[in-house]
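As a basis for the values below, the full set of heavy atoms in this structure was taken, side chains included, without hydrogen atoms, waters or symmetry mates. Predicted model only: the values in this text are computed from it and were never measured.
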Amino acid sequence: MRGVPRGGTRPLNRSARSIAPPGRRRQVVTGAALLLLAAGAGPAFAVSAGDANSPERDAQLVYCLAPAHRTDLRTAAVRLGLLKADADVTPEQWAKDHGDDFGRACAALMAAESDSPGTAAQAKEADKDGWLMTALKQLPLLLLGALLTLGGQSYERGSAERRSLRLELRTTENAYRDAVREYLDTYGVSYARADHSPVRSAREALTAALSRVPGPAARLAAAERIADGLPLAEPLPRSGDYLLDSETRTRIANEEHTAVASCLRSLPELNRSFPYWSWRTRRPGSAQSGASGGAE
């Protein structure tokens, strides 16, 4: 075949057009790599620089465009070299035209404000105010707890005193009844052997217990009437115009038994509740009638 060597193979084309120089190949690879990097980084940069609706940007606009922070924003921008000191531009227009510079200056201002001693002092004062408000809110509960505690202690103390007085009244009443019974029984048999001194001692003890009965006024008056009406303040007579016989002394002794029982019949009423005696105090007529009814 024409133009084909004897060996049967076509010689390779080694012209300058088919082989690119090594330096040019490196330039092509580098350019392609840069295009790929630019294509990948471009969207990310666009998002970071142009995301004007992010929550961070909203916070910057609200904070740095507030009237209280406009002067500090301009000062921060001037110190960072982002704005000239004599620039005639409003913060809103600057934020709109130079969003990245505005974001940088505002972020620096917010960071400085959060780390400033004044902010720390304000936070400390807020904590103090919060503690004070918490204490003030809890104060009524503390006062209520203290009042309930004092009220409970006062009630327990009053209950203990009433129980003690009730026991004393019962004890002195029984002692008075026993002394009266023994005295009257002996008096009916033999006046000479009747000893009045135990009756006098028991009567004085019962009178002293009645004097410690607490109010209201109706109960005090009832206790005083019982104490004044206790029989046998003095010994029974031995004789009148003539020597009393056994039958007469027995009759006198029975009358004294009846008088003592009638007087002491109203004694348990003194242990009734405070509201009962308060009602009797407001109605003096009922208290008087109750006391006189008990004495009959």
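Side-chain N or O atoms of Y63 include none that pairs as donor or acceptor with a backbone N or O of A107 at under 3.5 Å. Looking at S154, its side chain never comes within 3.5 Å of a backbone N or O of G151 through a donor-acceptor pair. Of the possible polar contacts, none joining the R272 side chain to the W277 backbone as a donor-acceptor pair under 3.5 Å is found. Looking at R104, its side chain never comes within 3.5 Å of a backbone N or O of L82 through a donor-acceptor pair.
D88 pairs by the side-chain hydrogen bond (donor to acceptor under 3.5 Å, both in side chains) definition with nothing, not counting sequence neighbours. In this structure, the side-chain hydrogen bond (donor to acceptor under 3.5 Å, both in side chains) partners of R70, at least two apart in sequence or on a different chain, are E92. Listed by chain and number, the residues in a salt bridge (Lys or Arg N to Asp or Glu O under 4.0 Å) with E173 are R177 (sequence neighbours excluded). With sequence neighbours excluded, no residue forms a salt bridge (Lys or Arg N to Asp or Glu O under 4.0 Å) with E224. For D101, the side-chain hydrogen bond (donor to acceptor under 3.5 Å, both in side chains) test picks out no residue, with sequence neighbours left out. Y183 meets the ring-ring contact (aromatic ring centres under 6.0 Å, His included) test with H196; sequence neighbours excluded. For E247, the side-chain hydrogen bond (donor to acceptor under 3.5 Å, both in side chains) criterion is met by no residue, not counting sequence neighbours.
With rounding to the nearest 0.5 angstrom, the NE2 atom of H98 is 8.5 Å from the CD atom of Q93.
The salt bridge (charged side-chain N to carboxylate O under 4.0 Å, His left out) contacts involving residues 178-207 comprise D178-R181, where partners must be two or more places apart or lie in separate chains. The side-chain hydrogen bond (donor to acceptor under 3.5 Å, both in side chains) pairs that include a residue from residues 73-83 number zero, where partners must be two or more places apart or lie in different chains. Sequence neighbours left out, not one pair with a member in residues 132-217 passes disulfide (SG to SG under 2.5 Å).
Under the 4.5 Å side-chain criterion, counting only non-hydrogen atoms from C-beta, V189 is not in contact with S246. Counting only heavy atoms from C-beta outward, the side chains of L230 and L264 approach each other to under 4.5 Å. P231 has its side chain within reach of Y176: a pair of non-hydrogen atoms, C-beta onward, lies under 4.5 Å apart. The closest side-chain heavy-atom distance from L270 to L165 is not below 4.5 Å.
Closest of all the heavy-atom pairs between C64 and M110 is SG-CG, 4.3 Å. Between L206 and L169, the closest heavy-atom pair is CD1-O, 4.3 Å. The two residues C263 and G229 make their nearest non-hydrogen contact at SG-O, 3.5 Å. The two residues T172 and A209 make their nearest non-hydrogen contact at OG1-CB, 4.0 Å. Of all the heavy atoms in P91 and L65, the pair that sits closest is CB-CD2, 3.5 Å.
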Side-chain donor-acceptor pairs of residues 252-260 under 3.5 Å, sequence neighbours excluded:
from : atom 1 : to   : atom 2 : distance (Å)
N254 : ND2    : T250 : O      : 3.3
E255 : OE2    : R251 : NH1    : 3.2
T258 : OG1    : N254 : O      : 3.1

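In terms of hydrophobic clustering, with Ile, Leu, Val, Met, Phe, Trp and Tyr side chains grouped at heavy-atom distances under 4.5 Å, L109 and L61 are assigned to a common cluster. Note: the hydrophobic cluster containing V213 does not contain L167 (ILVMFWY, side chain heavy atoms under 4.5 Å, direct or indirect links).
In the hydrophobic clustering, where aliphatic and aromatic side chains (Ile, Leu, Val, Met, Phe, Trp, Tyr) are joined below 4.5 Å either directly or transitively, L144 groups with L148.
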**Study point:** side chain to side chain contact (heavy atoms under 4.5 Å, CB included) evaluation trace for L184 with V199
**Key:** CA-CA 10 Å; L184 293 178; V199 177; over 6 Å; no
Practice item. Show your reasoning for whether side chain to side chain contact (heavy atoms under 4.5 Å, CB included) applies to F102 and L73. Key: CA-CA 9 Å; F102 168 80; L73 174 65; 3.6 Å; yes
